[in-house]
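Notes follow once the structure below has been shown.
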Amino acid sequence: MSSTPKPAKPPKVKSVPNHIAVVMDGNGRWAKARGLPRTAGHEAGEKALLDVVHGAIAIGVKELSAYAFSTENWRRTPEEVKFLLGFNRDVLRRRRDEMNDLGVKVRWVGKPGRLWKSVIDELEEAQELTKRNSVMTLNMCVNYGGRAEITDAMKAMAHDVRSKKLEPSAITEKTIEKYLYSPKMSDVDMFLRTSGEQRTSNFLPWQSVYAEMVFMDVLWPDVDRTTLWRAIEIYNERERRFGKA
Ligand code: FPP
């Protein structure tokens with residue numbers, strides 16, 4: 001599986017989204033259309049993600065969040081769950097040096113909960129290796145769910161209120177952000193979902209309140225950097241007002 005940079009240059013756009021969230025949807029349908037098992041679709045998705053990382057760097061994106069395993073994905077068959085967790089672990093191991101060479105800072109965003117220790121170890125290894133990089137941050141969202149994130153934040157805040165570390169009347173939006181899984185995460189500017197589905201599926205709800213939604217009618221394994229660049233061109237056609245008239 002090669003992720004050799006392609007020669008195509010990124011388009012010139014007025015505004016490059018600082019933070020892009022990606023829902024990598026359509027692996028199962030891609031595999032089904034070829035008479036392959038669903039897992040083959042996920043495998044084909046690895047190359048797509050790597051090419052999107054290359055394309056994001058080339059155009060100047062500073063933060064990319066990939067929804068690699070959601071808290072709801074535990075509802076899939078035990079075989080698929082086992083495959084997805086093992087696959088995440090293997091991709092992290094296989095690709096961490098490439099990420100490091102690209103100057104990518106890998107960060108895990110999600111909760112330990114039922115997540116396998118071997119996956120957590122691999123996420124932490126990649127984080128440690130790449131922690132000084134600054135070209136782009138790649139948030140690997142593994143065992144992530146937006147409601148779980150907000151619920152866990154509320155729980156931790158309630159503990160701090162009980163132990164008098166936090167005064168309820170002093171709670172602001174900034175306070176809540178400090179309790180999220182990744183307080184350093186910036187607001188999402190562009191939310192991209194592939195496969196034609198138009199849902200956010202519990203991905204980064206707090207961070208995406210002013211994100212521009214871009215839905216592309218392409219299955220994730222068919223995605224490459226040019227898909228990302230096209231999405232950024234669509235983003236550039238939007239007018240962002242952030243509540244102003
Ligand atoms: C959505 O497709 C994909 C997932 C739930 C898994 C996350 C993405 C990957 C495994 C691809 C690359 C990930 C890494 C770590 C390189 P789906 O299974 O919901 O597809 P469907 O909607 O067509 O059934």
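All ligand and atom numbering here is 1-based and tracks the order in the structure.
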Looking only at protein heavy atoms, which one is nearest to [atom], and what is the separation?
atom	value
atom 7 (C) of ligand 1	Ala68 O, 3.3 Å
atom 4 (C) of ligand 1	His42 CE1, 4.0 Å
atom 20 (O) of ligand 1	Gly28 N, 3.0 Å
atom 15 (C) of ligand 1	Asn88 OD1, 3.3 Å
atom 13 (C) of ligand 1	Met24 CE, 3.8 Å
atom 19 (O) of ligand 1	Arg76 NH2, 2.9 Å

Which atoms of ligand 1 sit under 4.0 Å from any heavy atom of [X]?
X	answer
Leu84	6 (C), 10 (C)
Gly45	12 (C)
Glu46	16 (C)
Leu49	16 (C)

Classify the side-chain pair [X]/[Y] by whether it contains a donor and acceptor separated by less than 3.5 Å.
X	Y	value
Asp152	Tyr181	yes
Glu197	Ser195	no
Glu63	Thr137	no
Trp108	Asn139	no
Ser201	Arg193	yes

Would you check whether [X] has a nitrogen or oxygen atom less than 3.5 angstrom from a nitrogen or oxygen atom of ligand 1?
X	value
Asn27	yes
Arg29	yes
Asp25	yes

### Query
Under 4.0 Å between a Lys/Arg side-chain N and an Asp/Glu carboxylate O for Glu80 and Lys82?
no

#### Entry: Salt-bridge present (Arg89, Glu122; N to O < 4.0 Å)
no

#### Entry: Contact with ligand 1 for Tyr67, non-hydrogen, under 4.0 angstrom
yes

### Query
Where on Leu219 is there a heavy atom closer than 4.0 Å to ligand 1, on the side chain, on the backbone, on both, or on neither?
neither

### Task
Examine the proximity of ligand 1 to Arg38 and report which part, side chain or backbone, both or neither, has a heavy atom under 4.0 Å away.
side chain

### Query
Could you walk me through whether Phe69 and Tyr144 pass the side chain to side chain contact (heavy atoms under 4.5 Å, CB included) check?
CA-CA 7 Å; Phe69 188 87; Tyr144 175 85; over 6 Å; no

### Query
Aromatic rings His42 and Phe83: how do their planes relate, parallel, tilted or perpendicular, breaks at 30° and 60°?
parallel

### Task
Apply side chain to side chain contact (heavy atoms under 4.5 Å, CB included) to Asp222 and Trp30, showing your working.
CA-CA 8 Å; Asp222 292 327; Trp30 182 93; 3.0 Å; yes

